[in-house]
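Positions are given from 1, in the same order as the sequence printed here. Atoms considered below: every heavy atom in the structure, side chains included; atoms not considered: hydrogens, waters and symmetry mates.
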Amino acid sequence: MSNEHAVENSATPFDVIIERIDIKGQYIQLADPVHLSGQLNVSELRTQYSINSKEDLAQLALQIGVDEAGRGPLLGSVNVAAAILPSAWSGLIENQPLKDTPLSILTDSKQLSEKKRDVLYPLVQQYAIGYVVADVPAAVIDQINILQATMLGMRLCTELLLKMVAPHLIVDNADGDSQSRAHTYVQVLFDGNRCPDLDEATLDKIGVKKSAIDCQAWVKGDARHTSIAAASILAKVSRDKTMYKLDARHPEYGIAKHKGYPTKTHVEAIEMHGILPAHRRSFAPVKKMLEH
């Protein structure tokens with residue numbers, strides 16, 4: 001892919017509902033389903049990451065950026081996104097790989113105005129080779145805590161994107177008449193100070209070996225790596241859209257302004273109008289009201 005534009009004609013959308021999760025061999029029924037949606041541009045993936053020889057394997061690195069939005073609010077889901085940008089656009093922001101591209105203003109979503117984020121959101125969707133957005137609802141946050149809910153969202157986004165990508169990364173055997181799946185080197189860059197535990201057994205079954213995955217945690221990574229910054233936009237704007245829908249149903253809470261965060265106005269609205277189903281009951285201000 002050049003710095004001009006991506007080919008869009010082979011983008012494959014996907015939509016997945018997760019009701020149970022496997023954690024180290026034990027299945028857990030989630031309090032509410034986790035919804036994941038996204039798309040993969042198969043033709044661009046094959047064009048940019050096609051492998052024709054063993055020499056290509058040493059040079060090939062698929063970079064996935066992962067970020068979240070909404071850990072702090074009292075209301076609604078935490079949203080997590082994973083994104084794969086064109087190879088020429090992936091890298092450290094300071095090296096300006098996005099210069100003269102449609103995503104040239106992309107950086108940490110928290111440093112951008114809402115107007116700029118809204119402009120970038122459809123552009124990231126359009127030009128990303130692949131992306132996934134997970135909506136982890138309040139009931140799951142209350143069930144397993146906000147940290148684990150965020151880690152779950154990061155894990156599910158990463159695993160689903162790898163599952164969608166894996167069948168299309170093929171290497172031709174130079175000395176045989178068959179094709180074998182390449183153990184493509186994948187960098188998964190997580191914003192924050194820790195990486196989730198991926199389901200290695202499941203990934204191994206689809207041809208993604210543990211040795212081929214390099215998980216890295218980057219504090220303030222959304223201001224360092226373009227792929228994390230892209231994921232940051234997807235997570236932040238998708239969550240904002242959910243908040244606006246809630247605001248339309250419950251205008252008396254002023255959700256459009258505070259986006260669920262624990263502002264004075266929000267807490268006063270809860271005291272006056274009560275706790276909504278989307279409120280996080282394990283969070284101190286809401287929990288305190290439930291106890292009285």
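One finds the CD1 atom of I275 at 11.0 Å from the CG atom of L75 (value rounded to the nearest 0.5 Å). Taking CZ from F14 and OG from S37, the interatomic distance works out to 8.0 Å, rounded to the nearest 0.5 Å. Between the CG atom in L189 and the CD1 atom in I228 there is a gap of 5.0 Å [rounded to 0.5 Å]. Rounding to the nearest 0.5 Å places CG of L276 at 11.5 Å from CG of L74. Considering CD1 of I144 and CG of L30, their distance stands at 7.0 Å, rounded to 0.5 Å. Note that CD1 of I84 and OH of Y131 are 12.5 Å apart. Values are rounded to the nearest 0.5 Å.
Checked against ring-ring contact (aromatic ring centres under 6.0 Å, His included), H266 has the following partners two or more places apart in sequence or in another chain: H258, H279. Residues passing the ring-ring contact (aromatic ring centres under 6.0 Å, His included) test with H273 are Y253, sequence neighbours excluded. In this structure D204 satisfies the salt bridge (charged side-chain N to carboxylate O under 4.0 Å, His left out) test together with K209, sequence neighbours excluded. Remark: E114 engages K259 in a salt bridge (charged side-chain N to carboxylate O under 4.0 Å, His left out) (not counting sequence neighbours). For D191, there are no side-chain hydrogen bond (donor to acceptor under 3.5 Å, both in side chains) partners, not counting sequence neighbours. P137 is linked by a side chain to side chain contact (heavy atoms under 4.5 Å, CB included) to D32, V34, S77, D135, V140, counting only residues two or more places apart in sequence or in another chain. Residues that satisfy the salt bridge (charged side-chain N to carboxylate O under 4.0 Å, His left out) test with E252, not counting sequence neighbours, are absent from this structure.
Residues F283 and Y261 do not share a hydrophobic cluster, defined by chaining ILVMFWY side chains whose heavy atoms lie under 4.5 Å apart. I64 and V16 fall within a single hydrophobic cluster, where Ile, Leu, Val, Met, Phe, Trp and Tyr are joined by side-chain heavy atoms under 4.5 Å apart, directly or via other members. Residue L45 is grouped with residue I206 when hydrophobic side chains (ILVMFWY) are merged at heavy-atom distances under 4.5 angstrom, including chains of intermediate members. Criterion: ILVMFWY side-chain heavy atoms under 4.5 Å apart, direct or through other members. Under it, L234 and Y244 are not part of a common hydrophobic cluster.
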Might you work through the side chain to side chain donor-acceptor pair (under 3.5 Å) test for N41 and Q39, ending with a clear yes or no? CA-CA 7 Å; N41 191 319; Q39 69 179 34; over 6 Å; no
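Within the structure, ring-ring contact (aromatic ring centres under 6.0 Å, His included) pairs that include any residue of residues 191-232 comprise W218-H225 (at least two apart or interchain). Sorted by first and then second residue, the salt bridge (Lys or Arg N to Asp or Glu O under 4.0 Å) pairs involving residues 140-149 (not counting sequence neighbours) form an empty list. The stretch residues 272-292 participates, sequence neighbours left out, in no salt bridge (Lys or Arg N to Asp or Glu O under 4.0 Å) pair at all. The list of salt bridge (Lys or Arg N to Asp or Glu O under 4.0 Å) pairs with a residue in residues 225-237, not counting sequence neighbours, reads K236-D240.
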In residues 150-157, what donor-acceptor pairs under 3.5 Å come from side-chain atoms, sequence neighbours left out?
from: T150; atom 1: OG1; to: I146; atom 2: O; distance (Å): 2.8
from: R155; atom 1: NE; to: E159; atom 2: OE1; distance (Å): 3.4
from: R155; atom 1: NE; to: E159; atom 2: OE2; distance (Å): 3.1
from: R155; atom 1: NH1; to: D22; atom 2: O; distance (Å): 3.0
from: R155; atom 1: NH2; to: D22; atom 2: O; distance (Å): 2.9

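Between A166 and V208 the shortest heavy-atom distance is CB-CG2, 3.9 Å. Considering every non-hydrogen atom in both I141 and V136, the closest pair reads CD1-O, 4.0 Å. In terms of heavy-atom proximity, G260 sits nearest to M243 at N-SD, 4.3 Å. What you find for A82 and V66 is that their closest heavy atoms are CB-CG2, 4.0 Å.
Under the 4.5 Å side-chain criterion, counting only non-hydrogen atoms from C-beta, D214 is in contact with Y185. At least one side-chain heavy atom of P102 sits under 4.5 Å from a side-chain heavy atom of W89. With a 4.5 Å cut-off on side-chain heavy atoms, R249 and D247 do not count as touching. Using a 4.5 Å heavy-atom cutoff, the side chains of L161 and T158 are not in contact. For the pair T101 and Y127, the minimum side-chain heavy-atom distance is 4.5 Å or more. Between C215 and L198 the shortest side-chain heavy-atom distance falls below 4.5 Å. At a threshold of 4.5 Å between non-hydrogen side-chain atoms, the residues I21 and Y27 do not count as touching.
Summarising the local packing, CZ of R194 is surrounded by 12 or fewer heavy atoms from other residues, nucleotides or ligands at distances under 6.0 Å. For N145, the CG atom sits in a packed shell: over 12 heavy atoms of surrounding residues, nucleotides or ligands are nearer than 6.0 Å.
Inspection of the S238 and N79 side chains reveals an N or O donor paired with an N or O acceptor under 3.5 Å.
The backbone N or O of Q63 lies less than 3.5 Å from no partner atom in the side chain of S227, so there is not a single donor-acceptor pair.
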